[in-house]
*Asks:* 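My questions all concern the structure below.
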Amino acid sequence: LFDRLIQSRLDREKDGLYLYRSMIPPGLKDIAFVGSEVSTFNNILTHGLQAEWLAQVLAGKIDLPSSGSMIQAMEVEQAWKRSWMPGTSARASIFQLHMMKYHDTLMKDMGENHRRKGFNIIAEIFSPYTARDY
C-alpha cells in the first residue's frame with residue numbers, strides 16, 4: 001500500500017506499529033491512522049473517539065507536541081507494554097484491558113471531562129462505562 005520509503009519511515013517493530021495516540025507516526029507528515037492500529041473491547045467507540053480527536057487536530061483545536069515529545073511518549077508506552085504483555089505481532093495496538101485509560105487520554109487531549117458519570121461518584125467508581133457515557 002505504501003512505497004518502501006514510507007514503510008521504512010513508519011518504523012514498524014516486530015510487535016507492531018507504535019504511533020502517537022495510536023494514530024500519528026511522528027516521522028511522517030500528512031498521514032494518520034484511525035481505527036487500524038488500535039484494538040479495544042469497544043472498537044466502534046474507540047474509532048469514533050479517534051476520529052473526533054483527529055478532526056480536532058486538523059481543525060487546530062489540539063496542538064500536537066514536537067516529534068521528539070511524541071517519540072518519547074511512544075517509547076514509554078512501548079516499554080510499558082513490553083514489560084508485561086506477551087510478545088505478539090499486534091502488541092503495539094492492543095489496549096483491551098486499558099481501553100478506559102486510552103479513552104481518558106483522548107478525552108483530556110480534547111479538553112473534555114474524562115469522568116462521564118457526572119456528579120455521581122458512586123457510579124463513576126462502580127458502574128461500567130458504555131458508549132452512551134461519551
Side-chain angles (χ1 to χ4, degrees):
L1 184 63
F2 296 114
D3 64 31
R4 290 182 195 264
L5 176 63
I6 291 176
Q7 287 182 26
S8 69
R9 293 184 67 198
L10 283 172
D11 198 28
R12 188 173 187 281
E13 305 269 344
K14 287 183 179 181
D15 55 348
L17 180 59
Y18 287 91
L19 303 166
Y20 180 72
R21 299 296 193 251
S22 295
M23 291 178 270
I24 306 289
L28 293 169
K29 291 184 181 267
D30 301 326
I31 188 169
F33 298 88
V34 172
S36 65
E37 295 302 319
V38 65
S39 176
T40 67
F41 288 122
N42 191 341
N43 283 329
I44 293 171
L45 171 59
T46 302
H47 301 166
L49 288 172
Q50 285 186 319
E52 180 59 32
W53 183 92
L54 183 59
Q56 289 193 23
V57 168
L58 295 173
K61 295 178 181 176
I62 295 175
D63 292 323
L64 292 176
S66 69
S67 181
S69 294
M70 286 192 275
I71 290 169
Q72 185 178 27
M74 290 164 41
E75 288 171 346
V76 168
E77 179 182 307
Q78 183 181 64
W80 168 71
K81 285 184 173 187
R82 288 178 174 172
S83 74
W84 70 276
M85 279 185 168
T88 71
S89 62
R91 177 169 42 196
S93 66
I94 297 172
F95 279 95
Q96 304 298 351
L97 300 174
H98 303 278
M99 173 183 79
M100 289 190 321
K101 173 117 173 93
Y102 178 63
H103 290 173
D104 288 350
T105 300
L106 297 178
M107 296 294 284
K108 288 176 188 177
D109 284 355
M110 293 186 283
E112 298 293 335
N113 186 0
H114 67 284
R115 292 189 171 90
R116 289 153 297 281
K117 299 294 184 180
F119 293 107
N120 189 341
I121 295 171
I122 301 298
E124 183 70 36
I125 295 169
F126 295 108
S127 180
Y129 287 136
T130 66
R132 180 174 290 155
D133 294 320
Y134 292 86

*Asks:* In the structure I gave you, are the side-chain heavy atoms of Tyr134 and Met107 within less than 4.5 Å of one another anywhere?
*Replies:*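 When only atoms from C-beta onward are counted, Met107 and Tyr134 do touch, with a gap below 4.5 Å.
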
*Asks:* Any side-chain heavy-atom pair from His47 and Val38 closer than 4.5 angstrom?
*Replies:* yes

*Asks:* Among residues two or more places apart or on two chains, list those pairs meeting salt bridge (Lys or Arg N to Asp or Glu O under 4.0 Å) that have a residue in residues 53-71.
*Replies:*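 Counting only pairs at least two positions apart or across chains, no salt bridge (Lys or Arg N to Asp or Glu O under 4.0 Å) contact touches residues 53-71.
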
*Asks:* Which pairs, with at least one residue in residues 86-97 and sequence neighbours excluded, count as a side-chain hydrogen bond (donor to acceptor under 3.5 Å, both in side chains)?
*Replies:*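 Output for this query lists Asp15-Arg91, Ser39-Gln96.
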
*Asks:* Which value, rounded to the nearest 0.5 Å, describes the distance between Trp84 atom CH2 and Leu97 atom CG?
*Replies:*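 Spacing of CH2 (Trp84) from CG (Leu97) equals 5.5 Å.
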
*Asks:* For atom CG of Leu58, decide whether the heavy atoms of other residues, nucleotides or ligands shown that lie under 6.0 angstrom number more than 12.
*Replies:*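 Enclosed.
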
*Asks:* Exactly one of Pro65, Ser67, Pro25 should register a side-chain contact (heavy atoms from CB on, under 4.5 Å) with Tyr20. Which one does?
*Replies:*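 For Tyr20, the side-chain contact (heavy atoms from CB on, under 4.5 Å) test succeeds with only one of Pro65, Ser67, Pro25, which is Pro65.
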
*Asks:* Can you tell me how far CD1 of Ile94 sits from CE of Met99, rounded to the nearest 0.5 angstrom?
*Replies:*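 So the gap between those two atoms works out to 14.5 Å.
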
*Asks:* Suppose clustering is done on Ile, Leu, Val, Met, Phe, Trp and Tyr with side-chain heavy atoms closer than 4.5 Å. Which residues sit in the same group as Phe126?
*Replies:* Ile121, Ile122, Ile125

*Asks:* Rounded to the nearest 0.5 Å, what separates atom CG in Asp109 from atom CD in Glu52?
*Replies:* 12.5 Å

*Asks:* With a sphere of 6.0 Å drawn around CE of Met100, does it hold more than 12 non-hydrogen atoms of other residues, nucleotides or ligands?
*Replies:* no

*Asks:* Counting only N and O atoms by type, is there a donor-acceptor contact under 3.5 Å from the side chain of Ser22 to the main-chain atoms of Leu19?
*Replies:* no

*Asks:* Supply the atom-to-atom distance Thr46 OG1 to Phe95 CZ, rounded to the nearest 0.5 angstrom.
*Replies:* 9.5 Å

*Asks:* Heavy atoms, side chains only, cut-off 4.5 Å: are Val57 and Arg21 in contact?
*Replies:* no

*Asks:* For a 4.5 angstrom cut-off between non-hydrogen side-chain atoms, does Tyr102 reach Leu106?
*Replies:*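 Yes, their side chains come closer than 4.5 Å.
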
*Asks:* Sequence neighbours left out, what passes salt bridge (Lys or Arg N to Asp or Glu O under 4.0 Å) with Lys117? Give chain and number order.
*Replies:*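 Salt bridge (Lys or Arg N to Asp or Glu O under 4.0 Å) check on Lys117 returns Asp133.
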
*Asks:* Can you list, pair by pair, the side-chain donor-acceptor contacts under 3.5 Å of residues 68-80, counting residues two or more places apart and other chains?
*Replies:*
{"residue": "Ser69", "atom": "OG", "partner": "Ser66", "partner atom": "OG", "Å": "3.1"}

*Asks:* In chain order, what residues pass the side chain to side chain contact (heavy atoms under 4.5 Å, CB included) check against Asp104, with sequence neighbours excluded?
*Replies:*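 In terms of side chain to side chain contact (heavy atoms under 4.5 Å, CB included), with neighbours along the sequence ignored, Asp104 is linked to His114, Arg116.
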
*Asks:* State, to 0.1 Å, how close Arg82 and Glu13 come at their nearest heavy-atom pair, and which atoms those are.
*Replies:*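 Looks like NH2-OE1, 3.3 Å.
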
*Asks:* Taking all atoms of both residues into account, what is the closest heavy-atom pair of Ile24 and Leu54, and its distance?
*Replies:*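 Closest heavy-atom pair between Ile24 and Leu54: CD1-CD1, 4.2 Å.
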
*Asks:* What's the separation between atom CE in Met23 and atom CG in Leu64, rounded to the nearest 0.5 Å?
*Replies:* 9.5 Å

*Asks:* To the nearest 0.5 Å, how far apart are CD in Glu37 and CZ in Arg12?
*Replies:*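 Rounded to the nearest 0.5 Å, the CD-CZ separation comes to 7.5 Å.
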
*Asks:* Would you check if the side chain of Gln50 reaches a backbone N or O of Gly35 as a donor-acceptor pair within less than 3.5 Å?
*Replies:*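 Yes: the side chain of Gln50 pairs with the backbone of Gly35.
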
*Asks:* I'd like to know if Phe41 and Leu49 are part of one continuous hydrophobic network [Ile/Leu/Val/Met/Phe/Trp/Tyr, side-chain heavy atoms within less than 4.5 Å].
*Replies:* no

